[in-house]
Amino acid sequence: MPSLAEKNLFSDHHAQMNILAFWFLIGAEVVVFGCLFGIYVSVQELTNNGPGAKELFNLSEIIVSTIVLLSSSFTCALGVYTLKLGKKTMTLVWFLLTISLGLGFVILEGIEFMAYVAEGATISSSPFLGAFYMLLGTHGAHVLFGIVWIFMLLIQLMMYGITKETAPKLFIASLYWHFIDVVWVFIFTVVYLLGKV
Amino acid sequence: MKKENDHLIKISVMFVTMILLTLIAFYIVYSEWISNEFLPYVLIFLAMIQVVIQLILFMDIKEKEGRYRITSVAAGGFIAVLTIFFLAIL
């Protein structure tokens with residue numbers, strides 16, 4: 001049973017259709033990342049005598065990035081929770097925290113990439129590294145896009161408050177954010193953890 | 001109000017669960033506690049639990065028009081699995 005505020009904010013047919021359409025986009029994104037994972041898994045042994053996953057990755061650094069991104073998913077869920085309750089200030093706070101954590105994740109990923117490049121592990125060094133940078137770069141670009149998108153929606157939220165127009169947009173952005181978190185769970189497992197096996 | 005508080009407790013508990021699952025996966029690899037033969041299955045299983053938590057609790061996949069949401073993700077997943085399968089054969 002949805003709360004009264006939730007009922008009013010998301011019951012609109014147009015909002016419902018937008019949310020549903022976004023799920024179709026998520027389906028398409030699953031294909032995109034599935035292909036990138038497929039390429040990575042296929043070429044991960046082709047290291048051109050350069051560093052492989054075992055030598056390159058430092059799991060203790062990656063675990064920090066993972067916890068930062070998982071935490072952003074939690075703050076995002078809290079943002080949606082307060083949005084449904086109609087609490088504008090708290091919604092702003094939680095979503096600002098979400099994009100701050102997202103920014104932290106991007107910075108950590110940038111530092112990680114720079115360390116690899118300094119060791120000579122560039123995108124053109126081997127098929128393994130090409131697929132690795134392609135997969136993680138695409139995910140990182142999605143995180144960056146999510147940060148910009150949510151930031152712009154927060155400006156709208158500040159200007160117009162929680163309305164039938166602004167609330168569904170933020171909810172859709174939260175779906176996107178959780179999706180990029182789901183992708184990261186697979187990256188963490190397939191690329192980093194299984195890379196060490 | 002009680003229902004809203006319940007939801008808040010649920011997302012907090014699930015967040016802690018996700019962090020724990022991540023740490024468990026990390027520990028399993030780091031400590032070499034499980035043989036390499038079974039390790040991929042255990043890690044994928046732990047990841048799948050996290051994905052289910054995200055989809056059901058955070059993304060409301062089972063809410064209104066749930067079957068369309070599940071179908072769109074499942075269709076995407078099916079094509080992704082096919083791609084991975086054929087790339088693996090190559």
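Just so you know, these numbers come straight off a predicted model, no measurement behind them. So that the names make sense, note that chain A is the first sequence line, chain B the second, and so on, each numbered from 1.
When heavy atoms are compared at a cutoff of 4.5 Å, B:Leu82 does not approach chain A at all. For A:Ser71, the parts sitting under 4.5 Å from any heavy atom of chain B are the backbone and the side chain alike. At a 4.5 Å heavy-atom cutoff, the contact between A:Phe179 and chain B is made by backbone and side-chain atoms alike. Proximity to chain A (any heavy atom under 4.5 Å) is shown, for B:Ile44, by both the backbone and the side chain. For a residue to count as touching a neighbouring chain, one of its non-hydrogen atoms must lie under 4.5 Å from one of that chain's; by this rule A:Ile26 touches chain B with the side chain only. Heavy-atom distances place both the backbone and the side chain of B:Ile11 under 4.5 Å from chain A. Contact annotation for B:Ser12: both backbone and side-chain heavy atoms come within less than 4.5 Å of a heavy atom of chain A. Looking at A:Phe33, there are no atoms closer than 4.5 Å to chain B (heavy atoms on both sides), in backbone or side chain. Interface remark: A:Phe24 contributes backbone and side-chain atoms alike to the contact with chain B (heavy atom separation under 4.5 Å). There is no contact between A:Ala28 and chain B, counting heavy-atom distances below 4.5 Å. At a 4.5 Å heavy-atom cutoff, B:Met14 makes no contact with chain A through either its backbone or its side chain.
A:Leu59 and B:Phe26 make their closest contact through CB-CE1, 3.4 Å (heavy atoms, listed as atom of the first residue, atom of the second, distance). When all heavy atoms of B:Ala25 and A:Leu193 are compared, the pair lying nearest together is CB-CD1, 3.6 Å. When all heavy atoms are compared, the tightest approach of B:Phe15 to A:Leu70 is CE1-O, 3.6 Å. Nearest heavy atom pair, residue B:Ala47 against residue A:Thr189, reads CB-OG1, 3.4 Å. The minimum heavy-atom distance linking A:Lys196 with B:Val29 is given by the pair CB-CG1, 3.8 Å. Across all their heavy atoms, A:Cys35 and B:Thr83 have their closest contact at SG-CG2, 3.7 Å.
Taking CD of B:Gln54 as the reference point, atom CH2 of A:Trp177 lies at 12.0 Å (rounded to 0.5 Å). Going from atom CG of B:Leu46 over to atom CZ of A:Phe188 covers 10.5 Å, rounded to the nearest 0.5 Å. Atom-to-atom distance recorded for B:Met18:CE and A:Asp181:CG is 5.5 Å, nearest 0.5 angstrom.
Taking chain A as the reference chain and counting heavy-atom pairs below 4.5 Å, the highest number among B:Leu21, B:Leu8, B:Val73, B:Ile79 is found for B:Leu8. Note: A:Leu78 leads A:Val80, A:Leu78, A:Ile62 in heavy-atom pairs under 4.5 Å with chain B.
One hydrophobic cluster holds both A:Phe171 and A:Ile155 under the rule that ILVMFWY side chains link at heavy-atom gaps under 4.5 Å. B:Val13 and A:Phe74 sit in two unconnected hydrophobic clusters of ILVMFWY residues. Membership requires side-chain heavy atoms under 4.5 Å apart, directly or through other members. Each of B:Tyr27 and B:Val42 belongs to its own hydrophobic cluster when Ile, Leu, Val, Met, Phe, Trp and Tyr are linked at side-chain heavy-atom distances under 4.5 angstrom. Cluster annotation: B:Val52 and A:Ile187 are assigned to the same hydrophobic cluster (Ile/Leu/Val/Met/Phe/Trp/Tyr, side-chain heavy-atom contacts under 4.5 Å, transitive). The hydrophobic cluster containing A:Val148 does not contain A:Ile180, counting ILVMFWY residues as joined when their side-chain heavy atoms lie under 4.5 angstrom apart, directly or transitively.
Annotation: side chain of A:Tyr176 is not in contact with side chain of B:Met59 (no heavy-atom distance under 4.5 Å). Side-chain contact between B:Leu23 and A:Ile63 is present, with at least one heavy-atom pair separated by less than 4.5 Å.
A distance-only check finds a donor-acceptor pair linking the side chain of B:Ser72 to the backbone of A:Trp23 [under 3.5 Å].
Around the CG atom of A:Asn58, the shell of radius 6.0 Å holds more than 12 heavy atoms that belong to other residues, nucleotides or ligands. Atom CD of A:Glu119 has more than 12 heavy atoms from other residues, nucleotides or ligands within 6.0 Å.
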